[in-house]
Amino acid sequence: MAEPIRVVVTGAAGQIAYSLLYSIAKGDVFGKDQPIILILLDIPPMLPVLEGVVMELQDCALPLLKDVIPTDKVEVAFKNVDAAILVGSMPRKEGMERKDLLKANVAIFKTQGAALEQHAKKTVKVLVVGNPANTNCLIASKSAPSIPKENFSCLTRLDHNRACSQVAMRCGVSSDHVKNVIIWGNHSSTQYPDVHHAKVNVSGSEMAAYDAVKDEAWLRGDFISTVQLRGAAVIKARKLSSAMSAAKAICDHMRDIWFGTKEGEFISMGVYAKGNPYGIPEDLIYSFPVQIKNKTWKMVDGLPINDFSRAKMDATAAELVEERDTALDFLSQ
């Protein structure tokens, strides 16, 4: 059997992690023959809850799970890790300014980035989930200068999956019949779900999403706002955030990094914008269409961008620039 890989999950006592850990430990993400050591990081007050999570993972009796290490210490959590899934972040509380939220998260992701720099393998793949995910990812990567920038990504796969599902339901097909939707930009309500390059398989023949849906007003209106505001809609309905679908998206994202994307398909990922062909400011983590092979992503190049898309892509970039500048201000203090 292969050597175990070390996977750290932060915010491990939280509800997203609770939906996520079983799938990782069972082999859904890194492969059915890949043994795993799970390291669970959370803050000291959450350690008793974490003990319960450890007991449950043990009680699942999963053959691939070789060890579970709960900790509140970053130097333990990030030691020699192969993959880091950074779920934990400061959530926005009522009456909290976005600036206060950014300040709290800069401190968290600066610490975690520095711990990755010091203790993790240089080949570590880092996925940032905790919001504001794009900017938290940028701060973590800047705090770990010797780990390649392309090893850091943030989660926009949940938005990508939401967009696929909306188009699939509209066309009366299953979601695996929809491919190449794109989420551009920030994992926020300014993100741009774009189906201009998407394909839908209807009764065995593949067609452009616009032709399959046959409703341009919906695609340029309600479809976009539904995807943008879906997280808030789930919270309103459940009184809790979207943990199950977020966990599934994390699994999809990491599995694609490990095993690559299907031939002729691309997915959405927040990645470092340097050298991008779409005129997006370079020092950002921005969601682009990517293809992945040998654990290396490559931006999909040469997609024609119309004026409608351009305006939406620039608007979400502007929000990210503002977020970044505020965060870097805190980082330098």
Side-chain angles (χ1 to χ4, degrees), residues 8 10-11 41 43 74-75 77-78 84-93 95-120 122 124-156 159 183-192 228 231 253 268-288 290 297 299 311-333:
V8 61
T10 74
L41 176 68
I43 53 177
V74 289
E75 61 276 16
F78 292 103
I85 302 171
L86 309 185
V87 179
S89 65
M90 164 73 84
R92 191 170 187 164
K93 300 192 174 81
M96 199 183 202
E97 294 276 327
R98 192 169 176 87
K99 205 167 74 173
D100 303 328
L101 183 70
L102 271 171
K103 188 174 188 175
N105 280 300
V106 164
I108 294 168
F109 286 86
K110 179 183 180 180
T111 302
Q112 293 185 356
L116 282 161
E117 172 75 9
Q118 218 176 331
H119 304 289
K122 296 306 174 200
V124 64
K125 300 295 184 191
V126 184
L127 168 58
V128 177
V129 179
N131 286 320
N134 299 60
T135 301
N136 288 344
C137 184
L138 187 69
I139 297 301
S141 76
K142 284 183 181 293
S143 306
S146 72
I147 296 171
K149 288 270 185 281
E150 48 275 13
N151 288 21
F152 287 83
S153 57
C154 85
L155 189 74
T156 56
D159 312 299
I183 303 296
W184 298 101
N186 199 0
H187 174 63
S188 76
S189 58
T190 68
Q191 61 171 271
Y192 170 43
Q228 287 173 334
H253 180 117
S268 308
M269 242 163 78
V271 295
Y272 198 55
K274 190 176 168 64
N276 78 83
Y278 296 105
I280 301 302
E282 300 224 323
D283 194 28
L284 293 176
I285 298 282
Y286 186 100
S287 182
F288 290 98
V290 300
W297 57 264
M299 260 176 229
K312 299 266 186 215
M313 288 162 67
D314 289 347
T316 188
E319 181 183 56
L320 277 170
V321 167
E322 194 184 329
E323 255 182 42
R324 174 199 66 196
D325 293 349
T326 309
L328 290 181
D329 205 30
F330 292 135
L331 193 62
S332 65
Q333 286 170 18

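No experiment lies behind these values; they were computed from the predicted model shown. Heavy-atom basis, side chains included; hydrogens, waters and symmetry copies ignored.
Atoms CE and CD1, on Met90 and Ile43 in that order, are 8.5 Å from each other to the nearest 0.5 Å. Taking CD of Glu322 as the start and OG1 of Thr135 as the end, the distance is 10.5 Å to the nearest 0.5 Å. In this structure, CZ in Phe78 is found 5.5 Å from CG in Leu86, a value given to the nearest 0.5 Å. Rounding to the nearest 0.5 angstrom, the gap separating the CG atom in Leu320 from the OG1 atom in Thr190 is 6.5 Å. Rounding to the nearest 0.5 Å places SG of Cys154 at 9.0 Å from CE of Met269. Atom CG of Asn276 sits about 9.0 Å away from atom CG of Leu284, to the nearest 0.5 Å.
Closest approach of Leu102 and Pro132 over heavy atoms only: CD2-CG, 3.7 Å. Between Ile139 and Leu328, the shortest heavy-atom distance links the atoms CD1-CD2, 4.1 Å. The nearest pair of heavy atoms linking Glu150 to Trp297 is O-NE1, 2.9 Å. In plain terms, the two heavy atoms of Ala115 and Val74 that are nearest each other are CB-CB, 3.7 Å. Heavy atoms only, all atoms of each residue included: Glu319 and Ser188 are closest at OE1-OG, 2.5 Å. For Gly113 against Ala144, the heavy-atom pair with the smallest separation is O-CB, 3.4 Å.
Using a 4.5 Å cut-off on side-chain heavy atoms (C-beta onward), Asp283 and Lys142 make contact. A 4.5 Å side-chain heavy-atom check between Glu117 and Ser143 finds every atom pair outside the cut-off. Counting heavy atoms from C-beta on, the side chains of Gln333 and Val106 never come closer than 4.5 Å. Considering only heavy atoms from C-beta on, Leu41 comes within 4.5 Å of Gln112 through its side chain. With a 4.5 Å cut-off on side-chain heavy atoms, His187 and Leu155 do not count as touching.
No donor-acceptor pair closer than 3.5 Å links the side chain of Gln228 to the backbone N or O of Tyr192. For Thr316 (side chain) and Met313 (main-chain N/O), no donor-acceptor pair under 3.5 Å exists by modelled atom type.
By the 6.0 Å contact criterion, NZ on Lys103 is open, its count of non-hydrogen atoms from other residues, nucleotides or ligands being 12 or less. For Lys122, the NZ atom counts as densely surrounded, since its 6.0 Å shell holds more than 12 non-hydrogen atoms of other residues, nucleotides or ligands.
There is no side-chain donor-acceptor pair under 3.5 Å between Lys99 and Thr326. Between the side chains of Asn134 and Glu323, no donor-acceptor pair is found at a separation under 3.5 Å. Between the side chains of Gln191 and Thr156, no donor-acceptor pair of N or O atoms lies under 3.5 Å.
Each of Thr10, Val128, Asn136 was scored for a side-chain contact (heavy atoms from CB on, under 4.5 Å) with Ser89, with one residue passing: Asn136.
For Tyr286, the ring-ring contact (aromatic ring centres under 6.0 Å, His included) test picks out Phe288, with sequence neighbours left out.
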